[in-house]
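The next block holds one structure in the form of structure tokens; read it before the comments.
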Amino acid sequence: MGIQRPKGTQDLLPGTVEQWQYLEATIRCVCRDYGYEEIRTPMFEATELFQRGVGQTTDIVKKEMYTFLDKGDRSMTLRPELTASVCRAYVENKLYGQPQPVKLYYIGPMFRYERPQSGRFRQFHQFGVEVLGADQPVVDAEVISLVWNLYQRLGLTQLEVHVNSVGCPTCRAKHRVQLQEFLVTRRNELCNDCQERFERNPLRILDCKNPSCQAATTGAPTTYDTLCPDCSTHFERVLVLLGLAGVVYRVNPRLVRGLDYYTKTAFEVMVEEIGAQSAICGGGRYDGLVEEIGGPSTPGIGFAMGLERVLTALQIQNKLPEEKPKQFAMLIALGEKAQNEGFSLLSALRAQGMPVSMDLLGRSLKTQLKAANRQGAQFALILGEEELERNVLLLRDLMLGEQMEVPLVEAVEQIKKKYQRGV
RNA sequence: GUGGGUGUGGCGAAGUGGUUAACGCACCGGUUUGUGGUACCGGCAUUCGUGGGUUCGAGACCCAUCAUCCACCCCA
């Protein structure tokens, strides 16, 4: 076998691309309704952006980035996520000078060097939203409601929306200490991974899948015990507003997000049916990130949604729209003279916006009819030597099996009439 | 990075060491000259991911390698 596509990448072929187009169109529609505008940033950025933005200690930065030196010896990285880039763009383009908040969305490929598995790729696609310059709880609720609304429109069911507050850096640090104090006596009950997490990232132990870790952490102090008054009222307000927006959610004190920048509200949406990688959307507030990147202190919140995973869920739940017939009519021209006449007719029909095509292999009438049938065409426009001599076109209705003769001069008009009736 | 499964034509799938590698779908062509969706007929893998090895003999056994899938880690 010759050259193959890189591991963890996909060729999206006709038949599948339509599903992506449908999903993307629905997303854009919801974003427009919510008043979000699209932003497009580069596929690669200075490596430092992700190191600072995503966090040096995260797996993404430590082992999953596609990093390379360009010809000027600058370290560049294929974007593994987009929140850092959007914040960079916000600062660099001085969007803080525009009316606040700035409400943005993006759709595009991300790159992470991982072992592929179900729902996990090296090039994958995310839809995401970022709101910069607003710290009110309503923003958190609006963003989550946007996600909810999108899934409703897509018809997805069996969703689990988990919401939590991880607090600001101050209360998070307090929680961390309390958690370690709680766990220190049970440390030997934890799995190997969690033994290591104990020092590095004890919050993560809370959402370990290992049953013994689950048991060891029952009754552990939650973030709510340590939330400062500000974080606490913020969280309560978010929950109230979510209820008012009709979002069905669950408060999950064990929900911890993996990226360093999250503060206060964190949330995740899961669909169990799609496999081990069941999170189809994850996000939260990141009030310190813009400043971390070198901009003015600016609150922010956003999420990212894995489109491959959403599509998988839609497939499993059978919620994708049916494929429409590709062509309205097929032109069947027999012989070179007829092809000349037919080709110009074809171009006239297409100029009028009708989806019409013709045989490109010079095949027999019979074969072409068969092909037209398979395309789902409603009409066959037959033009042979005989018709040419009499200046007519055979207009055959493939559904009814009837055909009529139309003078060539009236052909476009007549066909258009049929087409408009169908549309 | 770790662990497990799989690899036969475009797709699905038989083939438990022995002469010519089933079958289904798809595809292409035909069933008298220019009329489709059905039916019938025919065509479509010098070869079983690749490279070695065992054997009189291998798609089947062994080794290596590559690819792919699933799971862990982590994330969308």
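Note that the structure is a prediction, hence the values are computed from the model and not measured. Letters A, B, ... mirror the listed sequences (proteins, then strands); counts begin at 1.
One donor-acceptor pair, N or O on each side, does fall under 3.5 Å between the base of B:G3 and the side chain of A:R115. Scanning atom types as modelled, no donor and acceptor separated by under 3.5 angstrom connect the side chain of A:Q368 and the base of B:U35.
Separation of the A:Y105 and A:Y34 ring centroids does not fall under the 6.0 Å cut-off.
Rounded to an integer number of Å, the gap from A:L365 CG to B:U35 P is 6 Å. Atom pair A:L398:CG and B:U35:C1' shows a separation of 10 Å (rounding to whole Å applied). B:C70 atom C1' lies 15 Å from atom CD1 of A:I274, rounded to whole Å. If you measure from atom CD of A:Q4 to atom P of B:C69, you get 11 Å, rounded to the nearest angstrom. Spacing between atom CD of A:E268 and atom P of B:A76 amounts to 8 Å, rounded to whole angstrom units. Between the C1' atom of B:U35 and the CZ atom of A:R396 lies a distance of 6 Å, rounded to the nearest Å. Atom-to-atom, CG of A:L360 to P of B:C28 comes out at 14 Å; the value is rounded to the nearest Å.
Among the heavy atoms of the strands, none lies under 4.0 Å from A:E81. Nucleic acid contact for A:T367: sugar-phosphate only, since backbone atoms but no base atoms lie under 4.0 Å from a heavy atom of the residue.
For A:K319, the NZ atom sits in a packed shell: over 12 heavy atoms of surrounding residues, nucleotides or ligands are nearer than 6.0 Å. Counting heavy-atom neighbours within 6.0 Å of A:F44 CZ, excluding the residue itself, gives a total of 12 or less.
In a base pair of the Watson-Crick type (N1 to N3 plus N6-O4 or O6-N4) or a G-U wobble (N1-O2 and O6-N3), with each distance short of 3.5 Å, B:A71 is matched with B:U2.
Checking A:L307 against A:D397, the closest nucleotide of RNA chain B that is more toward the 5' end is the one next to A:D397. If you find the closest nucleotide of RNA chain B to A:G275 and to A:M305, the one lying nearer the 5' end belongs to A:G275.
A:N93 places a side-chain N or O within 3.5 Å of a backbone atom of A:A89 that can act as its donor or acceptor partner. With hydrogens and angles ignored, the 3.5 Å screen pairs a side-chain donor or acceptor of A:R52 with a backbone N or O of A:E292.
Nucleotides B:G49 and B:C69 have their C1' atoms positioned 15 Å apart, rounded to a whole Å. Comparing B:A64 with B:A45, their P atoms sit 34 Å apart, to the nearest whole Å. Nucleotides B:A71 and B:U8, compared at atom C1', are 27 Å apart to the nearest Å.
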